[in-house]
Amino acid sequence: MPELPEVETVRRGLSPIMEGAHFARVELRRPDLRFPFPENFAERLTGARVDALGRRGKYLVASLSTGEHLIMHLGMSGRFTIKAGAEPARDSGVNPNHDHVVFHMRDAGLARVTFNDPRRFGFMDLSGPDRLETSRHFAGMGPEPLGNEFSAETLNAALRGRKAPIKAALLDQRVIAGLGNIYVCEALYRARLSPRRQAATVPGMRGERLHQAIVKVLREAIEAGGSSLRDFAATDGALGYFQHRFDVYDREGRACRRCGGDISRFIQSGRSTFFCGGCQR
DNA sequence: AAGAAGCCCTGATAGC
DNA sequence: TGCTATCAGGGCTTCT
């Protein structure tokens, strides 16, 4: 379940291979992922150089020499694997039936970058040469939590007046970019805030705690190479290990490390929320 | 208009 | 053992 730390881990794995390299050939093994590939997708990539590989929220963005941007989302189960040119065709180390896209990169020893995605919740898109921030995927997206524009003040401002539970507000990519179920649960635990608390009541001291908790949990998770629960692996197949440091996520029925209470689980807007009723208010 | 629910998709797992 | 039901949850669409 790639959230910001997992996507950042993938970006760091891909950038040494892709930045500065050209697409020699692009293989599409099916007409769509979650959405159809954009028109002439392979043709528009072939010959282009990757000037930079960035990330916005949970999206990977390759800026191309053609002026277009290749926008990639891992969905739930998307995985990129890198193999050098001479290695055998079984690229991803997982079921090759789900190897949907292969980028053959030159200037990188003809490395192959394979996108495998069993559930096909991932997608790829090309944005025109217009500014990225106004593109369909990024218009209205909230601040990068590890960027300069994210502060306790901007978080508070985004939460003010919101009647939804804080859990739902933090999952909303318009409030803050890149958080998913895992890191929202973990950040709320660290900030000692109940996921049920109305978002509008957070600004103030609670908002400062929450801001700190979000930044810290994301930094630690990136340092740990992300979290590998069911699907996630880095481009070299390595598993992240932040899942071993979860305080609440996937720990239903276990003891809270802080107060000794029981970690409980309930469904909030259709998704599992994990929290400690003893010390999260 | 904000908020919630439904949808997509497959693999792992639980339960019979 | 082998079948079926359930769950996982990104973001988008639809409904209230």
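Keep in mind the model is a prediction, meaning the values are calculated, not measured. Per chain, numbering begins at 1; letters A, B, ... match sequence-line order.
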Atom CD1 of I267(A) and atom C1' of dA8(C) are separated, to the nearest Å, by 10 Å

So salt bridge (Lys or Arg N to Asp or Glu O under 4.0 Å) across residues 179-197 of chain A, not counting sequence neighbours, yields R190(A)-E220(A)

Note: with side-chain heavy atoms under 4.5 Å as the link, the other cluster members for F275(A) come out as F266(A)

D125(A) CG to dG10(C) C1', in whole Å, measures 16 Å

What pairs of nitrogen or oxygen atoms, one from the protein and one from nucleotides 12-14 of chain C, lie under 3.5 Å apart?
{"unit_1": "dC12(C)", "atom_1": "OP1", "unit_2": "Y59(A)", "atom_2": "OH", "d": "3.3"}

note: Y249(A), atom OH; dG9(C), atom C1'; distance rounded to Å ~ 8 Å

Numerically ordered, the residues 170-180 of chain A set in heavy-atom contact under 4.0 Å with DNA chain C is Q173(A), G180(A)

The complete set of salt bridge (Lys or Arg N to Asp or Glu O under 4.0 Å) pairs with one or both residues in residues 63-78 of chain A, sequence neighbours excluded, reads R44(A)-E68(A)

note: R265(A), atom CZ; dC7(C), atom P; distance rounded to Å ~ 8 Å

Hits for ring pair (Phe, Tyr, Trp, His ring centres under 6.0 Å) against H211(A), two or more places apart or cross-chain, chain-then-number order -> F150(A)

Between the base of dG10(C) and the side chain of R271(A), is there a donor and acceptor pair under 3.5 angstrom? yes

Give a yes/no on whether any side-chain N or O of H98(A) is located under 4.0 angstrom from OP1 or OP2 of dG11(B).
yes

Sorted by chain and number, sequence neighbours left out, side-chain contact (heavy atoms from CB on, under 4.5 Å) with E43(A) holds for N40(A)

Closest of dG10(C), dG11(B), dA4(B) to the P118(A) side chain is dG11(B)

Is the aromatic ring centre of F121(A) closer than 5.5 Å to the centre of the six-membered base ring of dG11(C), with the two planes inclined by less than 30°?
no

Atom CD of E3(A) and atom C1' of dA8(C) are separated, to the nearest Å, by 12 Å

So salt bridge (Lys or Arg N to Asp or Glu O under 4.0 Å) across residues 134-157 of chain A, not counting sequence neighbours, yields R55(A)-E144(A), R56(A)-E144(A), D125(A)-R136(A)

In short, salt bridge (Lys or Arg N to Asp or Glu O under 4.0 Å) pairs touching residues 165-175 of chain A with sequence neighbours left out are R162(A)-D172(A), D172(A)-R174(A)

Base dA2(B) paired with R162(A) side chain (donor-acceptor, <3.5 Å) = no

Rounded to whole Å, the CG-C1' distance (L33(A) to dC7(B)) equals 17 Å

Parsed dot-bracket for DNA chain B after applying the Watson-Crick and G-U rules with both distances under 3.5 Å and | for other-strand partners is .|||||||||||||||

Hits for ring pair (Phe, Tyr, Trp, His ring centres under 6.0 Å) against Y189(A), two or more places apart or cross-chain, chain-then-number order -> none

By ring pair (Phe, Tyr, Trp, His ring centres under 6.0 Å), Y241(A) pairs with (sequence neighbours left out) none

>> Is there a side-chain contact between S272(A) and the phosphate of dA8(C), meaning an N or O under 4.0 Å from OP1 or OP2?
In response: yes

